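So the structure is just underneath, and the comments pick up after that.
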Amino acid sequence: MRLTDITIRHLKMQLKHPFTTSFGSFKDKEFLLLEAKDEKGTIGWGECVAFDTPWYTEETVKTCWHMLEDFLIPLILHKEITHPDEVSELFKSIRKNNMAKATIEGAFWDIYAQQTNQSLAEALGGKKDKIEVGISIGIQDSIEKQLAVVDQAINNGYKRIKVKIKPGWDVELIRILREHFPDVPLMADANSAYTLDDIDVLKQLDEYHLMMIEQPLASDDIIDHAKLQKHIKTPICLDESITSLEDVRKAIELGSCGVINVKIGRVGGLTEAKKIHDYCAANGVPVWCGGMLEAGIGRAHNIALTSLSNFVLPGDTAGSSHYWEEDIITPEVVVQDGYINVPRENGIGFTPNINAIERFTIATKHYH
Ligand code: OSB
Ligand code: MG
């Protein structure tokens with residue numbers, strides 16, 4: 001297979017509800033969509049998960065476009081490639097910039113799956129025909145509002161509730177949630193809002209049998225997380241800190257976490273995500289698929305990845321209608337009784353809605 005044409009579109013979509021974390025709030029999502037064509041005319045799609053500001057990790061929409069245009073696209077265009085695992089090898093000379101790399105790699109996996117008459121899930125080795133889904137709920141304006149939103153998510157069937165915490169919005173919030181929902185599978189995500197100085201607060205969370213606490217400490221840390229894990233019973237789940245299989249190996253060896261959140265973009269693509277999955281399976285570490293408020297293309301890739309067997313915990317891949325008035329794929333992603341069916345059609349198994357995509361597009365560029 002050879003990629004002969006690539007189109008990058010910059011989209012801006014309004015979120016149904018503003019999403020608030022320990023870092024701030026956003027109302028819209030700006031992101032890049034990549035459409036790639038091979039020499040036979042097969043089209044594959046990739047969604048870049050970087051945000052327009054570097055609050056989560058260092059990449060942004062603009063850094064990704066720069067990396068794609070000036071480095072990654074020139075490396076891959078017209079190059080003969082037989083298997084998508086070769087794409088990350090091809091990009092090895094470029095350091096980091098994982099979200100940019102994953103964008104093309106994802107489109108290539110989609111093309112490869114179609115060319116070999118498989119669904120993307122099958123091409124990755126996924127065996128599940130449906131996946132369990134959780135939901136990530138942003139910080140709300142009041143405890144009452146937070147309770148109402150959690151209650152609605154439970155009623156909608158989500159298999160696990162994740163809430164965002166930050167200093168001053170933590171122990172009391174979790175205590176009240178537990179009072180109202182004693183048995184719901186519950187976890188908290190801090191997006192790096194604490195340091196080891198906060199160890200006493202984090203210890204208090206042990207009382208509420210949370211499934212895990214996600215990324216309490218610095219976004220590039222595994223050392224302090226290992227220290228923290230020795231002092232708390234609740235398993236730590238690493239998100240921001242994990243950018244590769246090597247990071248996972250070191251974190252597990254150090255005892256920095258008991259669970260890994262896998263995000264395709266953060267680790268540089270599906271090939272690396274699959275390696276992390278396999279390594280964690282071999283080491284008895286459960287994984288789940290995180291979310292980046294993706295539109296339909298990114299969501300479809302997450303669903304395919306989650307069909308692998310060691311994705312034993314519900315992911316953050318809620319249904320399209322949780323995020324958007326209108327998604328950019330047909331059918332949209334639907335959650336029923338807490339499950340999403342893994343599509344069986346070739347490729348990502350959802351059809352990009354070109355009309356919707358064009359309406360949300362604010363800039364386009366072609367490469368060939
Ligand atoms: O930390 O997992 C996170 C959203 C954007 C960036 C980082 C995170 C999140 C979420 C929501 O928690 C996940 C989703 O619903 O897509
Ligand atoms: Mg997180």
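Heads up: numbering here begins at 1 and tracks the sequence. Both counts, for ligands and for their atoms, begin at 1 and track the order of listing. Given the structure is predicted, the values throughout are model-derived calculations rather than measurements.
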Got a sec, which residues hit side-chain contact (heavy atoms from CB on, under 4.5 Å) with Pro74, two or more places apart in sequence or on another chain?
none

Exactly one of Arg266, Gln215, Glu240 clears side chain to side chain donor-acceptor pair (under 3.5 Å) with Asn261, and that residue is Arg266

I need the nearest protein heavy-atom contact for atom 1 (O) of ligand 1: residue, atom name and distance, please.
Asn191 ND2, 2.7 Å

Side chain, backbone, both or neither: which part of Asp239 has a heavy atom under 4.0 Å from ligand 1?
side chain

Residue of the set Thr306, Asp316, Ile340, Asn156 for which side-chain contact (heavy atoms from CB on, under 4.5 Å) holds with Val133:
Ile340

Out of all atoms in ligand 1, which are within 4.0 Å of some heavy atom of Asp316? Include the element for each.
12 (O), 13 (C), 14 (C), 15 (O), 16 (O)

Heavy-atom side-chain contact between Val61 and His10 under 4.5 Å:
yes

Which protein non-hydrogen atom lies closest to atom 16 (O) of ligand 1, naming both residue and atom, and how far is it?
Leu293 N, 2.8 Å

What is the nearest protein non-hydrogen atom to atom 7 (C) of ligand 1, stated with its residue, atom name and distance?
Lys263 NZ, 3.4 Å

So which bit of Lys164 gets within less than 4.0 Å of ligand 1, heavy atoms only: side chain, backbone, both or neither?
side chain

Residue portion contacting ligand 1 (non-hydrogen atoms closer than 4.0 Å) for Asp189
side chain

Can you label the angle between the His17 ring and the His322 ring as parallel, tilted or perpendicular, going by 30° and 60°?
tilted

I'd like to know whether ligand 1 has Gln215 as a neighbour, heavy-atom separation below 4.0 Å.
no

Looking only at protein heavy atoms, which one is nearest to atom 14 (C) of ligand 1, and how far off is it?
Tyr323 OH, 3.3 Å

Is Arg9 salt-bridged to Glu358, cutoff N-O under 4.0 Å?
yes

Has Glu240 got an N, O or S atom lying less than 2.8 Å from the Mg ion (ligand 2)?
no

Using non-hydrogen atoms of the residue, decide whether Phe26 is closer than 4.0 angstrom to ligand 1.
no

Out of all atoms in ligand 1, which are within 4.0 Å of some heavy atom of Glu214? Include the element for each.
2 (O)

The angle formed at the Mg ion (ligand 2) by OD2 of Asp189 and OE2 of Glu214 is about (to 10 degrees) 90°

Quick one: hydrophobic cluster around Ile362, which other residues, with the 4.5 Å side-chain cut-off, linked directly or via members?
none

Can you tell which part of Thr317 has a heavy atom less than 4.0 Å from ligand 1: side chain, backbone, both or neither?
neither

Distance from atom 4 (C) of ligand 1 to nearest protein heavy atom, with residue and atom:
Phe19 CE2, 3.6 Å

Around atom 5 (C) of ligand 1, find the nearest protein heavy atom and jot down its residue, atom name and distance.
Phe51 CZ, 3.4 Å

Could you pull out, from Ser136, Cys237, Gly291, the option with a heavy atom nearest to atom 9 (C) of ligand 1?
Gly291

Does a side-chain N-to-carboxylate-O contact under 4.0 Å join Lys92 and Glu89?
yes

